[in-house]
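Scroll down for the structure; my scribbles are underneath it.
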Amino acid sequence: MRTTQYLLATQKEVPSDADVVSHQLMLRAGMVRKLASGLYSWLPTGLRVLNKVSKIVHEEMVRAGSIEINMPVVQPADLWQQSGRLEEYGPELLRIQDRHQRDFVLGPTHEEVITTIVSNDVNSYKQLPLNLYQVQTKFRDEVRPRFGVMRSREFIMKDAYSFHLSMECLSNTYQDMHTAYCNVFDRIGLNYRSVIADSGSIGGAVSHEFHVLAESGEDDIAFSNSSDYAANVELAEAITHAVAASPTKALEKVNTGDAKTIATVSELLSINASQSVKTLIVAASSEIDAEFVALILRGDHQLNAIKAEKHPWIASPLVMAQEEAVKTLVGCGFGTLGPIKMPMPVLVDRSAAACSDFVCGANEENMHFTGVNWQRDFSAKGADASGLDSRIVVDLRQVVAGDPSPCGSGTLDIRKGIEVGHIFQLGDKYSKAMNCGVLTETGKYQVLQMGCYGIGITRIVAAAIEQNNDKYGIMWPDAIAPFKVVIIPMNMHKSHRVNEVAQKLYQDLLDAGVDVLFDDRKERPGVMFADMELIGVPHSIIIGERNLDENALEYKNRATGEKIMLPIDKVVTFITEK
RNA sequence: CGGUGAGUGGCGCAGCUUGGUAGCGCACUUGGUUUGGGUCCAAGGGGUCGUAGGUUCGAAUCCUAUCUCACCGACCA
């Protein structure tokens, strides 16, 4: 490609609303343009990258035994009614009507459609297992689109769905997909982690996310510093080795006045926040005979809402109690709540249970207890008189850096990650709801087990930039660079020698099948260097009068800055071997 | 959905307080100049000032409504 016949669309300045580096660089490098909130057009340079990512994904899917199909973006709302997700999915599901006022949705994902196809066209166990995929535009009406194509409303996703008679078979395909995903991210050259994840609203039990590690990530990933254990912090189990020490202090009630937060109480009593516990009141589930449940956490720890919701006593989704209701029931406001004589069921986080001689609210305005010890002092509705019993000690808190790793080896580190892939073992959630099954060997009807596997193609492009950039611009990994090499001639429009060598090299590289960009603009060298560094072409060949005298050309590597002089006739081989 | 802020040429902004018919930088066009790291000079083209209504002799500027966008939060995966 010659730059004079191409739409480079680079710019020096960047719209002020772009605040992550990948978004800024994608705009400056002329890769994308915003059309409206969360909607982006892909310009030639961006599309080239997108297509390369997509090609790698296609190849690895086919290699893993998945078969390509294509499903409509517009789907009948009926289907979503059947699976129960029309309500469940909420306003993120964009609903539209056709000219006959029939209801449709824009597909954010395709479980309903694929299940319909398979239930109609797969009737025998002999046709299983089956794994189908597509690469396609999805639409999710995000509350707040941000970070450019990282969280846009319209985006391209590879989604695959597998169908099985047994969980064992599903588990095998799940493993194959896990391997295929690793292959994809390895080939692209990303620094990523496969992490244990929550399956969220999509349903199912087993689930892994693939995260590209980057500061701008929206998820927190916890991983062991000495094994390959990694989990979304939403899921990471908080391990506490400590056990409560024997009491050394007497229980005392103290007036703490206006101090109502962990921070102010700790300061007033000159203690560390970890020597106190806090009490959160949440709505109870219908499983138990109570309106609320009290959750006890160590003062310096945070509640993990996902863990809390999974407890049978706690309503899901999690609802925090209103202060007025708590006052009526307990007799004091949020600031002085505590586990002792709490008139409702209590759940204690493992770390809080390991505290001794601690501080907590006294369930009385302005009053706290000090020197509290569980075995000696604790009592609450639903608990044994003898203090803490194991049924109410549970994992409720968010893990923090330095916690012991749940895998038993090392301690946890926490880093930010960008979710670029997610695989699920769905089980029969959709196949059951939509009656998708086959006849088995024994002639019996059986509902299928499903898996689903997604990769955010557009998001990978942004994630790759987050991980590979410097002050001059993007540094593409070779596998997804828009061009492999750029020819930068110095003063080609004045020098016949430079012109001749540049034109010939361009033709030779084309003939060798290399993805080459030829900057044939009548621009000053500085402009060309700056543009090519910005769009991140990994390899440059610079042609100038001064090196032609030695029959040589200069090679420059974008990422390493390495410069080498090459004999003219060795350039094509040098590049093709890169 | 709550909080905050912004809409003036393709991009970044000034002008608004104190109304008088729109300006700067980048980009673009032409000519010259320069040529191994975003040259310099000159001349040009391009804007119903988000939209609608109102006040006024006169509105980018004041008033009202409305739309859009962004940031923080909540939500989602």
Side-chain angles (χ1 to χ4, degrees), chain A residues 7-20 23-24 27-28 30 33-39 43 85 88-94 108-109 111 138-148 150-153 155 157 159 195 197-204 207-211 217-221 232 234-235 305-306 317-320 417-424 452 454-456 459 471-473 488-495 498 519 521-534 540-549 553-554 556 561 563 565:
Chain A
L7 184 61
L8 212 46
T10 53
Q11 28 185 236
K12 280 191 206 173
E13 287 176 285
V14 71
S16 52
D17 55 7
D19 48 14
V20 294
H23 189 197
Q24 291 168 357
L27 291 169
R28 284 224 290 141
R33 289 291 180 261
K34 185 169 80 173
L35 184 63
S37 178
L39 302 175
L43 301 186
R85 287 209 294 181
E88 196 185 323
Y89 221 93
E92 211 168 287
L93 185 63
L94 186 67
T109 174
E111 280 82 7
K138 306 285 186 218
F139 193 95
R140 293 182 190 173
D141 200 357
E142 292 282 349
V143 183
R144 182 146 97 84
R146 65 189 121 171
F147 305 151
M150 200 109 90
R151 183 170 290 272
S152 51
R153 294 196 290 178
F155 57 97
M157 181 167 149
D159 48 327
V195 313
D198 184 45
S199 48
S201 68
I202 213 160
S207 167
H208 283 82
E209 288 169 349
F210 289 80
H211 282 264
E218 296 183 83
D219 292 272
D220 288 311
I221 310 304
N232 195 308
E234 291 172 347
L235 265 282
I306 307 260
L318 189 73
V319 182
M320 302 299 289
I418 300 167
E419 182 188 342
V420 290
H422 201 159
I423 58 179
F424 305 82
C452 88
I455 289 185
R459 192 180 273 185
K471 64 178 172 174
Y472 302 110
I488 306 180
M490 303 288 104
N491 289 314
M492 185 178 78
H493 297 272
K494 285 268 174 68
S495 162
V498 171
D519 199 348
R521 291 176 296 173
K522 195 176 174 181
E523 282 290 356
R524 296 169 51 82
V527 174
M528 293 195 277
F529 286 130
D531 273 344
M532 294 308 134
E533 280 161 4
L534 176 59
S540 306
I541 299 295
I542 299 137
I543 304 176
E545 280 279 351
R546 71 184 189 196
N547 292 325
L548 287 182
D549 294 337
L553 301 181
E554 181 183 324
K556 185 172 180 194
K563 286 182 185 176
M565 298 307 294

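By convention in this document, chain letters (A, B, ...) are assigned in the order of the sequence lines, proteins followed by strands, and residues within each chain are numbered from 1. Given the structure is predicted, the values throughout are model-derived calculations rather than measurements.
Dashed line: the shortest gap from a side-chain N or O of A:S37 to OP1 or OP2 of B:U68 is not under 4.0 Å. At the phosphate of B:A27, OP1 or OP2 sits under 4.0 Å from a side-chain N or O atom of A:K12.
Residues satisfying the ring pair (Phe, Tyr, Trp, His ring centres under 6.0 Å) criterion with A:H23, sequence neighbours excluded, are A:Y40. Under the side chain to side chain contact (heavy atoms under 4.5 Å, CB included) criterion, A:R153 pairs with A:S37, A:L39, A:F139, A:D141, A:E142, A:P145, sequence neighbours left out. A:E419 is linked by a side-chain hydrogen bond (donor to acceptor under 3.5 Å, both in side chains) to A:H422, counting only residues two or more places apart in sequence or in another chain. With sequence neighbours left out, A:E92 forms a side-chain hydrogen bond (donor to acceptor under 3.5 Å, both in side chains) with no residue at all.
A distance-only check finds no donor-acceptor pair linking the side chain of A:S152 to the backbone of A:F155 [under 3.5 Å].
Put simply, the side chain of A:E218 reaches to within 4.5 Å of the side chain of A:F147, judged on heavy atoms. Side-chain contact between A:L534 and A:R28: present, with at least one pair of heavy atoms (C-beta onward) separated by less than 4.5 Å.
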Are any protein N/O atoms closer than 3.5 Å to N/O atoms in nucleotides 71-75 of chain B? If there are, list each pair with its distance.
from	atom 1	to	atom 2	distance (Å)
B:C71	OP2	A:R144	NH1	3.3
B:C72	OP2	A:R144	NH1	3.1
B:C72	OP2	A:R144	NH2	2.7
B:C75	N4	A:R146	NH2	3.3

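The CZ-P distance, from A:R153 to B:C76, rounds to 18 Å in whole Å. Atom CG of A:L8 and atom C1' of B:G10 are 16 Å apart (whole Å). Separating the CD1 atom of A:I488 from the P atom of B:G38 is a distance of 14 Å, rounded to the nearest angstrom.
For B:U34, there is no paired base (Watson-Crick or G-U wobble, both distances below 3.5 Å). Across every strand in view, B:A65 sits in a pair with B:U51 that passes the Watson-Crick or G-U test at under 3.5 angstrom.
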Legend entry - Per-nucleotide protein contact string for nucleotides 30-37 of chain B (B base, S sugar-phosphate only, - none; heavy atom under 4.0 Å): ----BBBB
Inset, instruction - Please assess A:F210 against A:V195 for the test side chain to side chain contact (heavy atoms under 4.5 Å, CB included), listing each intermediate value before the final yes or no. - result: CA-CA 6 Å; A:F210 289 80; A:V195 313; over 6 Å; no
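If you take atom P in B:U39 and the same atom in B:G44, they sit 24 Å apart, rounded to whole Å. Spacing between B:C49 and B:G32 at atom C1', rounded to whole Å, works out to 36 Å.
Side chains of A:E209 and A:N232: a donor on one and an acceptor on the other come within 3.5 Å.
Comparing A:Q11 and A:G38, the nucleotide of RNA chain B nearest to each residue sits closer to the 5' end for A:Q11.
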